[in-house]
Amino acid sequence: MNNSPGPHWYIDSRPAASTEQMSLDLTRHLPRRLAISPVVVVTDRPAVLLSVVRKRWTAITREVARQFASTLDRQKKAGLQRELDHMRNCRFTVQPFTEHPTADCFFVSPEELCLGLAPCYSTLYLASRLSDVDLCIAVQNLSLNGLIVGYGDWLTGYEESLRAAFMGRIKDIRI
Amino acid sequence: MTALYNHTARTHITVTCIICFHFVSIQDVTAGSLYADGQQAFACNAHLADRARWITAWALFDQRLEEQSQMRALIRNAS
């Protein structure tokens, strides 16, 4: 627990050698972030990625159930049961927040970003390269201790945009 | 690679992995759940490849936090 205090964004540039590797990494990482608050995934093909993630999600849920069945440790069992309940209750959607406000994970394309994002989310996954403008829209409701996960190394070229967006958010809050 | 972006700039710090408990650079970890006080918890990127260990470790982490918070509530109510 040795993080810096105060508002901050964590920026995680993750490798994306293939779409398959990206979806695998995303699905393994998602349960942790969905335990905190809603998640937004920006991708060129939301419906396709949603279907892949759902399939992988089912496999991970089965893995958790298998681990639950194979342990006798009380604390581990309780933790895995909690994880299972959480994973079974998560709702994924390609619809905008206005149409499906109770969903936990929103898959949107860059063009759909302006249709309305959840009022607050702690994690933003960027599975496709965004323009400066789209990136600013995507981070506008990201919480001030949020995480931006970018697949590929393109995010490093957007430091100025992120800095401006971050400073804008801080300023809004101070006002 | 993870980096912390705060008021001033992108900064690199050392954090503790909740799976192996080693101190590691923030560049070698990924953010997961939160500690009870709202601080970010991390685990080494390398552990993400070991699906079984990754799932169990985080499930245990969340469970311990839940139990600690229940215990704190009990103590608060009793006093």
Side-chain angles (χ1 to χ4, degrees), chain A residues 1-15 24-25 27-29 31-37 59-61 63-64 66-68 70-71 73-84 86-87 122-123 144-150 153 155-156 159 162-163 165-167 170, chain B residues 1-19 21-71:
Chain A
M1 261 194 296
N2 33 16
N3 313 341
S4 289
H8 51 257
W9 280 341
Y10 291 102
I11 303 162
D12 195 349
S13 289
R14 305 189 65 75
L24 184 65
D25 187 279
T27 317
R28 282 186 185 174
H29 198 255
R32 302 280 50 85
R33 303 304 300 178
L34 279 170
I36 302 171
S37 76
I60 292 182
T61 309
E63 169 72 25
V64 178
R66 192 191 62 74
Q67 286 188 38
F68 174 81
S70 66
T71 185
D73 182 304
R74 183 202 62 82
Q75 200 174 36
K76 211 182 262 185
K77 236 178 162 50
L80 290 167
Q81 181 61 61
R82 202 162 168 269
E83 186 81 356
L84 262 180
H86 164 66
M87 291 186 76
S122 292
T123 316
L144 276 177
N145 56 353
L147 170 71
I148 304 167
V149 181
D153 55 4
L155 253 184
T156 48
E159 293 217 5
L162 284 174
R163 173 191 286 266
F166 184 78
M167 295 312 283
I170 298 265
Chain B
M1 185 196 87
T2 308
L4 173 72
Y5 198 97
N6 63 14
H7 288 75
T8 48
R10 190 183 261 248
T11 51
H12 297 281
I13 54 173
T14 304
V15 295
T16 313
C17 169
I18 68 104
I19 298 179
F21 303 106
H22 289 152
F23 288 104
V24 278
S25 161
I26 198 166
Q27 293 181 65
D28 299 321
V29 296
T30 187
S33 305
L34 302 178
Y35 287 101
D37 61 0
Q39 296 244 40
Q40 183 62 60
F42 297 91
C44 296
N45 278 320
H47 299 314
L48 196 57
D50 184 349
R51 188 166 77 170
R53 192 179 181 197
W54 176 265
I55 292 169
T56 314
W58 279 111
L60 256 176
F61 173 85
D62 288 345
Q63 181 60 25
R64 285 190 187 125
L65 285 189
E66 175 71 21
E67 287 180 4
Q68 282 166 12
S69 99
Q70 284 174 2
M71 188 63 77

> Quick one: OG on B:Ser33 to CG on B:Leu65, what's the gap to the nearest 0.5 Å?
Replying inline: 8.0 Å
> So do B:Thr14 and B:Val24 actually touch side chain to side chain, heavy atoms under 4.5 Å?
Replying inline: no
>> Under 4.5 Å from any heavy atom of chain B, what part of A:Ile36 do you find: side chain, backbone, both or neither?
In response: side chain
> Between A:Arg28, A:His29, A:Glu83, which has the largest tally of heavy atom pairs under 4.5 Å with chain B?
Replying inline: A:Arg28
>> Under the rule for ring-ring contact (aromatic ring centres under 6.0 Å, His included), what residues qualify as partners of B:Phe61, not counting sequence neighbours?
In response: B:Tyr35, B:Trp58
> Which pairs with one or both residues in residues 50-59 of chain B pass salt bridge (charged side-chain N to carboxylate O under 4.0 Å, His left out), sequence neighbours excluded?
Replying inline: A:Glu63-B:Arg51
> For A:Gln67, is it the side chain, the backbone, both or neither that has a heavy atom under 4.5 Å from a heavy atom of chain B?
Replying inline: side chain
